[in-house]
Amino acid sequence: MESVKDLLVFIFGVSFLTAGTLAIANPFLTAKKVKKYAGGLQTKLNNLEELLQMIRNMNCSLVKQVYFNEQGIIEIQGKAGKHKLYLENDRIFVLRDESAKAKMNYRIIVEENAILDFIAKEENHDLPINPFSQYKKAMRLKKLYWTAMIGVFSSIFLIVVVTLMPSGNDYIQMVKNGSPKGYPDITYQEAFGEYFSNISWKYFQADDGRNIVEFHGNCFYNDDTVDVCFQFAVDKDQGTFSTEYMGIDGEAQNMLTMSAVVDEVFEEYEN
């Protein structure tokens with residue numbers, strides 16, 4: 001459980017650092033994109049009607065709708081938002097919202113640049129640019145940012161869940177540090193650790209809600225190497241546990257055999 005929590009903390013740290021870095025860099029990246037067509041796009045079109053018809057005919061998936069608005073300029077409904085275009089001195093300009101929020105909207109600025117790239121390519125098919133490829137490349141940073149944000153909130157949620165879950169390690173330590181009545185000065189960890197090989201301890205919750213610690217270890221039994229399993233039911237509130245099951249190679253043993261094996265293990269350690 002601790003290894004899972006450590007992994008989640010690592011994911012949170014990486015995601016938080018990535019999202020934070022991109023958030024800080026966003027104004028600079030957006031300002032750089034704004035500069036691309038700050039001076040407009042050179043065009044041979046004579047009027048807005050020709051530009052409107054060109055936009056309608058070009059193969060640009062970012063353009064959902066294009067029309068003349070009440071101001072008499074071209075308005076494009078894109079995936080990210082609306083974009084307004086006008087002609088002046090043989091150049092196509094974008095009429096942007098001057099609010100701080102609009103100026104810093106990376107996604108809208110990238111989409112505006114992509115639409116202008118499509119227009120430039122439509123006017124001159126020999127231009128060495130791939131508008132859609134450039135758009136996707138520019139949007140990778142935005143996708144990375146949102147992926148990192150999802151990583152931040154998901155890891156926080158999972159860390160809380162893992163933290164609130166019962167710690168299996170606590171139950172395992174109770175059994176490891178415990179002792180049977182006949183050997184109060186020897187712990188299960190000491191005796192089992194010396195007698196068995198290929199040891200493993202794990203915790204799970206039984207169907208009836210009991211907290212179970214399961215031990216597995218190899219030893220010689222009837223001239224053969226066998227896998228021995230012990231299951232301990234732990235009452236954490238009372239600070240007690242009891243041996244509920246013993247199996248040899250998956251075959252359940254009776255209480256007499258279980259007691260005999262425990263005695264042999266602890267006697268061997270004691271001697």
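These numbers come from the heavy atoms of this one structure, side chains and all, not from hydrogens, waters or symmetry mates.
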Verify same cluster id: Met139, Leu141 (apolar side-chain graph, 4.5 Å): yes

Just by distance, do the side chain of Asp263 and the backbone of Phe266 share a donor-acceptor pair under 3.5 Å? no

To the nearest 0.5 Å, how far apart are CG in Leu22 and CH2 in Trp146? 11.5 Å

Report, as yes or no, whether the 6.0 Å neighbourhood of atom CZ on Phe68 holds more than 12 heavy atoms from other residues, nucleotides or ligands. yes

For a quick test of reading the model, state the closest non-hydrogen atom pair linking Ala19 to Met149 and the distance between them. CB-SD, 3.7 Å

Could you pull out the closest heavy-atom pair between Asn26 and Lys142, with the gap in Å? OD1-NZ, 4.1 Å

Less than 4.5 Å apart, side chain to side chain, heavy atoms only: is that true for Val226 and Cys219? yes

With the side chain counted from C-beta on, respond yes when Val213 and Phe241 share a heavy-atom pair under 4.5 Å apart, and no when they do not. no

Take atom CG in Asn271; do more than 12 heavy atoms of anything else shown fall under 6.0 Å from it? yes

Do Val4 and Val161 sit in the same hydrophobic cluster, where Ile, Leu, Val, Met, Phe, Trp and Tyr count as joined when their side-chain heavy atoms come under 4.5 Å apart? yes

Note: with side-chain heavy atoms under 4.5 Å as the link, the other cluster members for Ile129 come out as Leu127

Over 12 non-hydrogen atoms of neighbours within 6.0 angstrom of CG in Asn47: yes

Hey, could you give me the NE2/NZ distance between His216 and Lys202, rounded to the nearest 0.5 Å? 6.0 Å

Could you go step by step and tell me if Glu123 and Gln42 meet the side chain to side chain contact (heavy atoms under 4.5 Å, CB included) rule? CA-CA 10 Å; Glu123 279 204 78; Gln42 185 70 41; over 6 Å; no

Should Ile108 and His83 count as side-chain neighbours, where that means a heavy-atom distance under 4.5 Å? yes

Linking directly or through intermediates, with side-chain heavy atoms under 4.5 Å: list the remaining ILVMFWY members grouped with Leu95, chain and number order. Ile73, Tyr86, Phe93

Please report the interatomic distance CD1(Ile76) to OH(Tyr67), rounded to the nearest 0.5 Å. 10.0 Å

For the residue pair Tyr188 and Pro180, establish whether any side-chain heavy-atom pair is separated by less than 4.5 Å. yes

Which of parallel (below 30°), tilted (30 to 60°) and perpendicular (above 60°) describes Phe230 and Phe215? tilted

Does Phe153, at its CZ atom, have more than 12 non-hydrogen atoms belonging to other residues, nucleotides or ligands within less than 6.0 Å? no

Residues in ring-ring contact (aromatic ring centres under 6.0 Å, His included) with Phe16, at least two apart? Phe12

Quick one: list whatever passes salt bridge (charged side-chain N to carboxylate O under 4.0 Å, His left out) with Lys82, sequence neighbours left out. Glu75

Given Leu17 and Val14, is the side chain to side chain contact (heavy atoms under 4.5 Å, CB included) satisfied, shown in steps? CA-CA 5 Å; Leu17 181 62; Val14 172; 5.9 Å; no

Do Glu264 and Tyr195 pass the side chain to side chain contact (heavy atoms under 4.5 Å, CB included) test, and can you show the C-alpha distance, the side-chain angles, and the key distance before you say yes or no? CA-CA 9 Å; Glu264 180 181 341; Tyr195 191 88; 2.7 Å; yes

Where Leu87 and Asn46 come nearest, the two heavy atoms and their spacing: CD1-C, 4.3 Å

Give a yes or no on whether the backbone of Ile186 and the side-chain of Glu190 come within a donor-acceptor separation of less than 3.5 Å. no

Axial cation check for Phe118 ring with Lys121, 6.0 Å and 45° limits: no

Is there side-chain contact between Trp201 and Phe192, with at least one heavy-atom pair below 4.5 Å? yes

Is it the case that the side chain of Glu122 and the backbone of Met58 share a donor-acceptor pair, with hydrogens and angles ignored and the cut-off at 3.5 Å? no

Specify the closest pair of heavy atoms between Arg91 and Gly39, including all atoms of both residues, with the distance to one decimal. NE-O, 2.7 Å

Approximate separation, where rounding is to 0.5 Å, of Ser15 OG and Ile156 CD1: 9.5 Å

Please report the interatomic distance CG(Asn211) to CG(Asp237), rounded to the nearest 0.5 Å. 9.0 Å

Heavy-atom closest pair (Ala191 atom, Val265 atom, distance to 0.1 Å) is O-CG1, 3.7 Å

Set out, in order, the CA-CA distance, both residues' side-chain angles and the distance that settles side chain to side chain donor-acceptor pair (under 3.5 Å) for Asn169 and Tyr203, then state yes or no. CA-CA 7 Å; Asn169 190 57; Tyr203 160 84; over 6 Å; no

Does any N or O in the side chain of Gln231 come within less than 3.5 Å of the main-chain N or O of Ile212, such that one atom is a donor and the other an acceptor? no

Any side-chain donor-acceptor pair under 3.5 Å between Asn113 and Tyr37? no

Would the number of heavy atoms belonging to other residues, nucleotides or ligands and lying under 6.0 Å from CZ of Phe204 be above 12? yes

Check salt bridge (charged side-chain N to carboxylate O under 4.0 Å, His left out) between Arg210 and all other residues, then give those that pass, not counting sequence neighbours. Asp208, Glu244

Could you state whether Val262 and Met255 fall into the same hydrophobic cluster, counting links through intermediate Ile, Leu, Val, Met, Phe, Trp or Tyr residues with side-chain heavy atoms under 4.5 angstrom apart? yes

For Lys36, which residues count as a salt bridge (charged side-chain N to carboxylate O under 4.0 Å, His left out) partner, sequence neighbours excluded? Asp117

Test side chain to side chain contact (heavy atoms under 4.5 Å, CB included) on Gln134 and Lys137 and set out the steps. CA-CA 5 Å; Gln134 290 185 174; Lys137 183 178 180 180; 5.6 Å; no

Distance-minimising heavy-atom pair for Pro131 and Ala114: CB-O, 4.3 Å

How far does CE of Met246 sit from CE of Met258, to the nearest 0.5 angstrom? 8.5 Å

Any side-chain heavy-atom pair of Glu194 and Glu268 under 4.5 Å: no

For the backbone of Glu214 and the side chain of Tyr245, can you confirm whether one donor and one acceptor N or O come within less than 3.5 Å of each other? no

Is there a path of hydrophobic side-chain contacts, each under 4.5 Å between heavy atoms, that joins Leu7 and Ile150? no

Any heavy-atom pair between the side chains of Ile119 and Leu51 that's under 4.5 Å? yes

Considering only heavy atoms from C-beta outward, does the side chain of Leu85 approach that of Ile55 to under 4.5 Å? yes

